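Working notes, structure below.
Quick caveat: nothing in here was measured; it's all calculated off a predicted structure. Here is how names work: the chains are called A, B, and so on, in the same order as the sequence lines, proteins then strands, and each is numbered from 1.
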2 protein chains.
Amino acid sequence: MNPIIQAARREQIIEAAIDTVAEVGYPGTTLARIAERAQTSKSVISYHFPGKDDLLEQVVLQIYADTWAFMEPRVEAETTAAGQLGAYITAELDYMREHRARLLAVADIVANHRTADGSLRFTPDAEGSQGAEGLGLGVLTDILRRGQRAGEFRNFDPQVLAVTVNRALDGALGRWVTEPSLDLGAYATELTTLFDLATRKPQKES
Amino acid sequence: MNPIIQAARREQIIEAAIDTVAEVGYPGTTLARIAERAQTSKSVISYHFPGKDDLLEQVVLQIYADTWAFMEPRVEAETTAAGQLGAYITAELDYMREHRARLLAVADIVANHRTADGSLRFTPDAEGSQGAEGLGLGVLTDILRRGQRAGEFRNFDPQVLAVTVNRALDGALGRWVTEPSLDLGAYATELTTLFDLATRKPQKES
DNA sequence: CTACTGTTAGGCCGCCTGGTCGAAAAGTGA
DNA sequence: TCACTTTTCGACCAGGCGGCCTAACAGTAG
């Protein structure tokens, strides 16, 4: 009945689930471990969530929303498509620096979570990002398409490039995990110039 | 005693493991399912392999070796670093077209397989690719470094670019899975020009 | 045929999984 | 204080897991 306690508990459990996935990986994530980290019992999780699958889905949706809430103003602040692309890359890496476990968890869940019939529940490499707007491929593809229409960008396949940018950011996360001393700021400028060169229209007639 | 039967059985089991991982994912891969697909019993797997972990490790090592055996001559045939980079991308996508399950399985295992202490057993995003030479980041990094030394490439971080190329190829696989009609040949040329533009030295003094 | 070795099958084990249940606890309003 | 609802707890369940064991099988050499 008390919605405040409800929300707080759910938040606590979600946070525990994030840390668990980030630490032991998707296959090692069990209700018992999540409960232990949240300092409760499995039953509490079962009381607040219909099941493990739903919990992990909530984790993904919340992280998507949080991440995009952080990134959106920085992307929207840019006027050019090239600026938006750079802002997208830098913003995600900035968010990553402060929320390593979140992005680690979301990547792990998205890559592994499946429905009962065996197909992946989240397939972010397709056109429509279901559910959580932003942070799917949709936003990125839109930026790229807009840049092409505006004549800023050369003629590439926007979906290929969107997937590649997303994977590049995942790669940064992966390397950061195995090499914690990695300079994410430098990584951001590396990727920004990389994709700037890859998208920019070759200088010809004005 | 009979090494032919031994090798054949091992091969058969490894193949069944590949298909299983590719179909149901790493968390859904069990000895029972692998045995079922190989039309044997779990005991046979236990007889020929020390355990599930070792089996999956063999899967990764063999696929690494096979893939690189396919790619190496095509990469070595090129003389310029840019040519080698393009050949690397195209060759892996060509291999992918004929061996979808293999690359799917290796990606899944590498991303999820952990040692007893909880750390990832394969961490291909680091400098040294342990065990299997080729197909790690090492070869790619070498190509990029050589291109820089030869003056073909601009001054980027070779490791960042190597990780990005590898992830880009993973992204192609991911999209191909959700969209089987995807034209991998077109994807190859997209990625080749993308990374050509990203690595090429800007034209200035000769 | 016998004796032996390498291989297979299926039942079995302890363990852990996600999830449920009834009862106890904590909170709430009169 | 009381009655009532919401929340927590630990025990418990059926099922699946990786792995093991024993007995039977197939070859082969003598």
Side-chain angles (χ1 to χ4, degrees), chain A residues 1-21 23-60 105 108-109 112-118 121, chain B residues 1-21 23-60 105 108-109 112-118 121:
Chain A
M1 188 191 241
N2 189 334
I4 296 169
I5 287 188
Q6 288 261 3
R9 261 285 195 236
R10 285 176 61 95
E11 182 60 32
Q12 177 199 14
I13 293 169
I14 286 180
E15 220 62 38
I18 290 171
D19 293 340
T20 304
V21 174
E23 186 176 329
V24 301
Y26 180 89
T29 298
T30 68
L31 289 183
R33 263 197 262 261
I34 296 172
E36 182 189 20
R37 194 175 287 261
Q39 295 183 102
T40 17
S41 55
K42 287 190 303 170
S43 333
V44 176
I45 298 178
S46 292
Y47 179 76
H48 288 278
F49 293 90
K52 187 194 181 190
D53 291 358
D54 310 80
L55 167 57
L56 293 182
E57 233 159 281
Q58 292 303 313
V59 167
V60 170
D108 217 338
I109 297 172
N112 285 298
H113 205 47
R114 293 176 181 246
T115 59
D117 67 1
R121 210 179 274 260
Chain B
M1 190 193 239
N2 189 333
I4 296 169
I5 288 190
Q6 288 262 1
R9 261 288 194 235
R10 283 175 63 96
E11 182 60 33
Q12 177 199 13
I13 292 169
I14 286 180
E15 219 62 37
I18 290 170
D19 293 340
T20 304
V21 174
E23 186 178 328
V24 301
Y26 180 90
T29 298
T30 68
L31 288 183
R33 264 198 260 262
I34 296 172
E36 182 188 20
R37 195 176 285 260
Q39 294 182 101
T40 19
S41 54
K42 288 189 303 170
S43 334
V44 176
I45 299 178
S46 291
Y47 179 76
H48 288 278
F49 293 90
K52 186 193 182 191
D53 290 358
D54 310 79
L55 167 57
L56 293 183
E57 233 159 281
Q58 291 304 312
V59 167
V60 170
D108 217 337
I109 297 172
N112 285 298
H113 205 48
R114 293 176 181 247
T115 58
D117 67 2
R121 208 179 275 257

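If Lys42(B) and Gln39(B) are placed on DNA chain C by their nearest nucleotide, the residue sitting closer to the 5' end is Gln39(B). Heavy-atom nearest nucleotides on DNA chain C were determined for Gly28(A) and for Ser43(A), and the one closer to the 5' end corresponds to Gly28(A).
Taking side-chain N and O atoms only, Thr30(B) has a distance below 4.0 Å to OP1 or OP2 of dC17(D). For dT8(D), neither phosphate oxygen OP1 nor OP2 lies less than 4.0 angstrom from any side-chain nitrogen or oxygen of Tyr47(A). The phosphate of dT8(D) (OP1 or OP2) has a side-chain N or O of His48(A) nearer than 4.0 angstrom. At the phosphate of dT8(C), OP1 or OP2 sits under 4.0 Å from a side-chain N or O atom of Arg9(B).
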Open item on the list: Applying side-chain contact (heavy atoms from CB on, under 4.5 Å) to Thr29(B) and Arg33(B), what does each step give before you reach the verdict?
Closed with: CA-CA 7 Å; Thr29(B) 298; Arg33(B) 264 198 260 262; over 6 Å; no
Open item on the list: As a quick check of understanding, evaluate side-chain contact (heavy atoms from CB on, under 4.5 Å) for Thr40(A) and Ile34(A), giving each step before the final call.
Closed with: CA-CA 9 Å; Thr40(A) 17; Ile34(A) 296 172; over 6 Å; no
- [ ] Apply side-chain contact (heavy atoms from CB on, under 4.5 Å) to Asp108(A) and Asn112(B), showing your working.
- [x] CA-CA 9 Å; Asp108(A) 217 338; Asn112(B) 285 298; 3.7 Å; yes
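Atom P of nucleotide dG18(D) and atom NE2 of His113(B) are separated by 12 Å, given to the nearest angstrom. Following rounding to the nearest Å, Asp53(B) (CG) and dC17(D) (C1') show an atom-to-atom distance of 13 Å. Nucleotide dG18(C) holds its C1' atom 15 Å from the CD1 atom of Ile13(A), rounded to whole Å. Between the P atom of dT7(C) and the CD atom of Gln12(B) lies a distance of 14 Å, rounded to the nearest Å. Between the CD1 atom of Ile45(B) and the P atom of dG18(D) there is a distance of 9 Å, rounded to whole Å. Atom CD of Glu36(B) and atom P of dA9(C) are 14 Å apart (whole Å).
For Lys52(B) against dG19(D), a side-chain-to-base donor-acceptor contact under 3.5 Å is absent.
Distance from the side chain of Arg33(B) is smallest to dC17(D) among dC17(D), dA9(C), dG19(D).
Annotation: side chain of Glu23(A) is in contact with side chain of Arg37(A) (closest heavy-atom distance under 4.5 Å).
Scanning for salt bridge (charged side-chain N to carboxylate O under 4.0 Å, His left out) contacts around Glu36(A) gives an empty result, with sequence neighbours left out.
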